[in-house]
Amino acid sequence: MSAALEEYCGSIFWNASYLQRPDPDLPICVERTVLVWLPLAFLWLCAPWGFTTLCKKPAKAPLSKLYICKQVTVVAGLLLLTAIAELPLTLAEDYGPSSDSTAQKHPVVLYANPVLFAVSWVVVMLCQECVRRRPRSVDSGSLFMFWLLQVLCAVFQFQTLLRDALNKVLTAALTAPHLPVLMLIKGFKRPLVQEDMWDLNEKDSTQTICREFEDIMAKELKKAHSRLQKKQNKRKTKNDHQSGLAKGVSQDVLVMVKQSSSIVSIVDRYSIVYKRLTSLLIMTDKTSHAWTGYLYAVLLLVVAFLQSVILQQYYNRCLILGIKVRVALMAAVYKKALVVSNDSRKESTAGEIVNLISADAQRFNKVTNVLHLLWSYPLQIALAIAFLWIELGPSVLAGLLVMVLMVPINGWLATKSRGFQVENMKFKDTRMKIVNDILNGIKVLKYYAWESSFEAQVQEIREKELKVMRKFAYLSSVSTFIFSCAPAIVSLATFAVFVSVSPDNILDAEKAFTSISLFNILRLPLTMLPELISIMVQTTVSKKRLEKFLSGDDLDTMSVTRDDSHSKNSFVSLDIKPGRLVAVVGAVGSGKTSLISALLGELHSLRGRINIKGSVAYVPQQAWIQNTTLKDNILFGSNLDEEHYLSVVDACALGPDLDLLPGRDQTEIGVKGINLSGGQKQRVSLARAVYSSADVYLLDDPLSAVDSHVGKHLFERVIGPKGLLKDKTRILVTHGISFLPYVDEIIVLVNGVVSEVGSYDGLRASKGAFSEFLETYGKDESNNADESDYEQIDTLPEGLEPQADDSLEDIVSSTLKRENSLLRKNSSVRSKKDSGDKKGQRLIEKEAMETGRVKFSVYLQYMRSMGWCFVTWSFLFYFIQNVAIIGQNLWLSDWTDDSVEYFNTTYPAHIRDMRIGVFGALGLAQGFLVFFGTILIADGSISASRTLHTNLLSNILKAPMVFFDTTPSGRIVNRFAKDIFTVDEMIPMSFRSWIFSILGVLGTLFVICLATPIFIAVVVPMAVVYYFVQRFYVPTSRQLRRLDSVSRSPIYSHFGETISGLSVIRAYGHQQRFLKQNEDTIDQNLKSVYPWFVSNRWLAMRLECLGNLVVFFAALFAVISRDSLNSGLVGLSISYALSMTQILNWLVRMTSELETNIVAVERVREYAEIKNEAPWITSNRPPDDWPTAGNIRFDNYKVRYRPELELILHGITCDIASTEKIGIVGRTGAGKSSLTNCLFRIIEASEGRILIDGIDISTLGLHDLRSRLTIIPQDPVLFSGTLRMNLDPFEKSSDEEIWTVLELAHLKDYVRGLPTGLQHEVSEGGENLSVGQRQLLCLARALLRKSRILILDEATAAVDLETDDLIQNTLRTEFSHCTVLTIAHRLSTILDSSR
């Protein structure tokens, strides 16, 4: 029965869980069946008894009006027609011309119910007729019971409809005016969190916006191509892409532009009507009827209200449009980054691309708000001039001439602004590039004590950036001065000519204040033009930058066979059969990684082709780990197959690691895998490839980062002939000779050319280069692999070291189980059960976010950074300027009284000249005062920008390493990108506008109260209302801005993560998944952006209504007091009141904007106050030649990563004599690298001490210590810049010394072969050098430092044996006088060690 009903309804009939929740409901099927049938069944059962009356002779009952109303209007007209109408609607949805044939049809119940209801309503009509015919019958009990049952049953259906409607409203519209109230109330009661945000409408989601943008973009590109082909028969250039982007963006906004443009034109017309009503009101004098004054006052209110409603609609549409354009551009940049070719990618660093999605996309967002002003302002100017002509005649041409003369000045300012903006963006990009480099290589900077050098580099570029900003600000001040003077000069010229051309022309109140109102219409376009030009200039620059990136070449994906190769491998010819294991060997720089990149299609193909059958999995040389759980890193978007997953984890020797992690495989891995050791990262990367079950595996030296036993385990269980991948095609780049006998084929590369191909035995027998290589290096390597020397080194406490004759699995398991982890929260190793209970412990916590009001100390800090002198004087200048405006208008009011005094008499020339002179002087004074005030604020804001950036950078560089380990780089980049951009550009503008607004409001109220003192009675209650609206709104707005900032960081983090793992994402073909993830991240940000804009509109509407009331009461009191007021004061009062709406709205917007923008200072301050590591330099300085001997002594040394974690080094005590060579071995995670970190005080001691030449290192400054030690780290980190800068950032060494160390590092020939030699540009992360070459550069760095103590942290893991041998020889000769600590995986590396 239940199944039949479910089929009938198309949904579940009954589920008890519907009632077991806070908002209980009934299933839809029950509502559509049981609750419908119950009242209808009762009706039909009772109806036959009632119908008996119809068979009898009808009673002579009258047809009353009530009866006709019930029968015709209610039952027949509404219920019956509704039921009948439902049926064709359902049919049309299922079978109509616009229906989707693939969509699921409506269930039977939606056809049956309308029929049942239609029949039932006919039955009801007949029952009503029966009641009428029945003698002495007033009503029917059965009908009453039917209606009661119907209402009760319909309550549940109505509740469902109401809930659905409410959900749709909450999730969909962000345009309905009453909706923000719900969020504002919630935001007023408590700080909002991300979970409070509404879900997005589908049409507002990133995916939909991007789809529309791409469709338009594709059409425009097609048109551009066809236009280009008509002009010239050449291949497409960048110009066609550029026109495509420009048209794409413009087409994307076209529909909304049309809608909002019609709104603007209506607003402009309303403005003119507004001014005309003002004119009529001023003309209302003692002789006029009182009712005309009241009529004009009411009409003013109505017109103002209509204008407010329409204007807010316009703003709402423009703002939503702006968001959509920004989102479309951010997503387009991300999508392009996924497909861009390597050559094009090298043209833009990660920092520059971050700027594209932060600053440049934001500018497009901003420009949509002012888009219509390009034609609206000229229209307003034209209408104002037309009305001025009516008032003042040809005299208005004098004012017009002044405006025309300003056009060339405008053009010059725009050109200069554009130049400054381009220059500014270049410096911003360069600064962000270095900041990115610093964050990526912060550990190396700390090891080498290079922070101050890189800080100086950033500061040098920042100073250049600020210098350009100062020029731009001064230029803006000049334009502000010109356009502040403009209205005064225009009105001065017009009035002067008007009163001069004829003695009969006397300026009366009606003419003067109508003209002033019309000049005020001109004031806004003329004042806003410089800002409009500035915004358009900035957007043009941003457009070109976006075009450059988006028009870059894509990877060649047209080839079906994924082919691409590179000049380095242009002579490579290979044929690898399915299911074979092929090893690729060769010296550093011979092209092994280039070969893998070519197979992945990452390199530009000059000729030839590559054919790969099946899917590809890729393990890069440097493991790429995502900031997500360990399990998600392995699954990498694939579905979970528990059995396969466990076998992969076991084969990749990850089982013991899981036991140590607090959340097992649900433990979150930090950015770049910081809480995993190098070996663990490589095993996770390998596990990801194995789990993907691909057909072809490209393994770029995955065994170099793990020790020999783990390497052998991975080869046997995963890669080798008996491993999990035994039936797959495997291409293995390796330096490990011990694996070569077990591979099917060996490819030997020499200088990008295949030297030899064959089996291991075949190549040995051929007596070629490979055979000689084996003879030289094979013996040591085979000893490493087969003998038990490695195990016999006493690295662990006695009894804990596994025995050499244990099985390989036992050795791996027992040693890996002792690995430590950064994530351990307690002091004991957790069992599987314990760790299972701690699923998903987080290393990277959610970004901290302030709640409640922005502390006043934040404002004080910003003003202190500006300098109190700048703040005080700029405010004073603005205040005096406001006094000058009021003075000028009062003077004009007094001037208009002359029309009464000199009525029908000649106007004295000396009085005319005095009036014009004072009026003009006050106008010019305003311009100069604004100019000086703006200059002072510009200087102050640049001073604040310098101070805040310097403090942020300085503190970030002094932060301890644990801060970088637990903070995603995206968060730090967000501070340097978006927050510093806000401090540089947004806060000064908001601060200046806020001062203007507050003084404008005070001035307006002063003038109105001066003219009509009774207005004070209205000011007080309106001020109270204003205060409460402000208090109600600001908490929500402020918190939404904070949520916007916090939800923006993951966009940058995800972007940076994607850029660094681009080759892996492309190899696995997961571009679409990452695109979706990016869309979801942007959507999370949009959830706080949309409500912020809508809440702004909510506020603006209420404030405009408040301002409109000010206008109404000012007009009303002027009419009431017309007997005691002269027309000049009436005109002054009303013309000021008219500006009240705009100024009041602007004040709250600026107050809110200032508070929301000042959050950037709060966020910068948060990172500028992080607890620092120990001082770089202390009063206890070591001698200049320290350490002279290089003796190192560990005295009961204990250390832990953080106070709450357990010890990682347990009371180490040892003495290392001068020039001793010490080998340090141990399993992955045993604490080898931690030991070196302790020498550099990256980690501070919890107990004990380290003495170097008798000096306790804990008493020295960090730079004094670190600059006297040298390390060649495990990961070779290079920075963007020249080779020389990478070797000697302080420029202390001569070129001869650098060439000497390059020769010792075996890089001299390579560098001499480069076109620019030492000035060769190293790309971001050193990507244009092989890993081996990077490691040799790190060796050259160490040689250049000439320190007495050298630490090698697995420094030769990534180089081949031949290069390793060269490095070892260099170390033996050049560091013979040094104390050397060597951490190594290869036994040959530490054979020369003293112990």
Side-chain angles (χ1 to χ4, degrees), residues 319 322-323 326 354-355 357-370 417 420-421 424-425 428 431-432 462 465-466 468-470 472-473 476-477 480 528 530-532 534-539 541-542 854 858-859 861-863 865-866 870-871 874 934 937-949 952 974-997 1034 1037-1038 1040-1046 1048-1049 1052 1085 1088-1089 1092-1093 1096 1146-1165:
L319 290 168
I323 298 170
R326 178 171 71 88
V354 166
N355 266 347
I357 63 172
S358 61
D360 294 308
Q362 183 63 32
R363 288 212 172 95
F364 271 91
N365 183 7
K366 196 174 179 182
V367 83
T368 53
N369 300 332
V370 296
S417 297
F420 289 145
Q421 201 59 39
N424 189 29
M425 289 311 293
K428 209 179 281 290
R431 177 171 60 84
M432 286 308 300
R462 179 66 176 164
E465 189 184 343
L466 291 173
V468 175
M469 276 171 55
R470 177 177 269 111
F472 189 78
S476 299
S477 301
T480 305
M528 283 294 289
E531 190 177 341
L532 184 60
S534 169
I535 291 169
M536 294 307 295
V537 164
Q538 290 171 359
T539 309
V541 173
S542 293
V854 177
V858 178
Y859 294 96
Q861 183 183 11
Y862 184 73
M863 286 191 280
S865 304
M866 284 181 73
F870 287 124
V871 175
S874 58
T934 310
I937 278 199
D939 277 336
S941 59
I942 284 164
S943 169
S945 290
R946 179 186 289 109
T947 305
L948 290 169
H949 183 273
L952 174 66
N974 198 4
R975 298 306 194 276
F976 281 100
K978 180 68 174 66
D979 292 323
I980 289 293
F981 171 78
T982 304
V983 169
D984 288 348
E985 297 191 19
M986 308 297 286
I987 293 179
M989 205 181 292
S990 300
F991 189 58
R992 192 169 64 239
S993 298
W994 182 81
I995 293 175
F996 268 130
S997 303
V1034 167
S1037 171
R1038 178 180 57 229
L1040 285 171
R1041 284 309 261 173
R1042 282 172 173 155
L1043 285 170
D1044 172 30
S1045 292
V1046 169
R1048 206 183 286 256
S1049 293
Y1052 302 140
N1085 178 242
S1088 52
V1089 174
W1092 184 69
F1093 281 134
N1096 276 351
W1146 196 247
L1147 173 63
V1148 176
R1149 276 186 65 189
M1150 285 305 108
T1151 305
S1152 170
E1153 196 172 301
L1154 184 61
E1155 185 162 4
T1156 48
N1157 284 334
I1158 209 82
V1159 169
V1161 177
E1162 186 179 57
R1163 285 161 56 78
V1164 167
R1165 186 171 80 162

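For reference, positions follow the sequence shown, starting with 1.
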Checklist entry - Distance-only, no hydrogens or angles: does the Ser865 side chain make a donor-acceptor pair with backbone N or O of Ser943 under 3.5 Å? => result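 No, Ser865 side chain to Ser943 backbone: no donor-acceptor pair under 3.5 Å.
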Next on the checklist: Check whether Ser1088 reaches the backbone of Asn1085 with its side chain - one donor and one acceptor, N or O, closer than 3.5 Å.
Outcome noted: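 Indeed, once roles are kept as given, a pair shorter than 3.5 Å links the two residues.
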For [X] versus [Y], what's the shortest heavy-atom pair and its separation?
{"X": "Gly940", "Y": "Phe870", "value": "CA-CD1, 3.7 Å"}
{"X": "Ile995", "Y": "Ile937", "value": "CD1-CD1, 4.1 Å"}
{"X": "Pro988", "Y": "Thr982", "value": "CD-O, 4.3 Å"}
{"X": "Phe976", "Y": "Arg431", "value": "O-NH1, 3.4 Å"}
{"X": "Asp979", "Y": "Arg1163", "value": "OD2-NE, 2.9 Å"}
{"X": "Gln421", "Y": "Val541", "value": "CB-CG2, 4.2 Å"}

Checklist entry - Ser945 and Asp984: side-chain donor and acceptor closer than 3.5 Å? => result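 Yes.
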Item to check | Audit row: Asn1157, Ser990, side-chain hydrogen bond (donor to acceptor under 3.5 Å, both in side chains) steps and yes/no | outcome: CA-CA 8 Å; Asn1157 284 334; Ser990 300; 3.0 Å; yes
To the nearest 0.5 Å, how far apart are [atom1] in [X] and [atom2] in [Y]?
{"X": "Phe996", "Y": "Thr934", "atom1": "CZ", "atom2": "OG1", "answer": "5.5 Å"}
{"X": "Leu1154", "Y": "Arg992", "atom1": "CG", "atom2": "CZ", "answer": "12.5 Å"}
{"X": "Leu1043", "Y": "Trp1092", "atom1": "CG", "atom2": "CH2", "answer": "13.0 Å"}
{"X": "Phe981", "Y": "Ile987", "atom1": "CZ", "atom2": "CD1", "answer": "11.5 Å"}
{"X": "Gln861", "Y": "Leu948", "atom1": "CD", "atom2": "CG", "answer": "6.0 Å"}

Is there a side-chain contact between [X] and [Y], using heavy atoms and a 4.5 Å cut-off?
{"X": "Phe991", "Y": "Ile1158", "value": "no"}
{"X": "Asn424", "Y": "Met469", "value": "yes"}
{"X": "Arg363", "Y": "Glu985", "value": "yes"}
{"X": "Phe420", "Y": "Ser476", "value": "no"}

Item to check | Set of salt bridge (Lys or Arg N to Asp or Glu O under 4.0 Å) partners for Arg326, sequence neighbours left out | outcome: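 Expected list: none.
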Checklist entry - If you count the non-hydrogen atoms of other residues, nucleotides and ligands that lie under 6.0 Å from CH2 in Trp994, is the total more than 12? => result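 Counting other residues, nucleotides and ligands, CH2 of Trp994 stays at 12 neighbours or fewer.
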Next on the checklist: Going by side chain to side chain donor-acceptor pair (under 3.5 Å), name the residues that satisfy it together with Arg1048, two or more places apart in sequence or in a different chain.
Outcome noted: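 In terms of side chain to side chain donor-acceptor pair (under 3.5 Å), with neighbours along the sequence ignored, Arg1048 is linked to Asp1044.
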Checklist entry - What pairs with Asp360 under side chain to side chain donor-acceptor pair (under 3.5 Å), at least two apart in sequence or on another chain? => result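 Result, side chain to side chain donor-acceptor pair (under 3.5 Å) vs Asp360: Ser542, Arg545.
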Item to check | Residues Arg975, Ile980; criterion side chain to side chain contact (heavy atoms under 4.5 Å, CB included); working and verdict | outcome: CA-CA 6 Å; Arg975 298 306 194 276; Ile980 289 293; 5.9 Å; no
Checklist entry - Do Glu465 and Arg462 meet the salt-bridge criterion of a basic N to acidic O distance under 4.0 Å? => result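 Between Glu465 and Arg462 there is a salt bridge, with a charged N closer than 4.0 Å to a carboxylate O.
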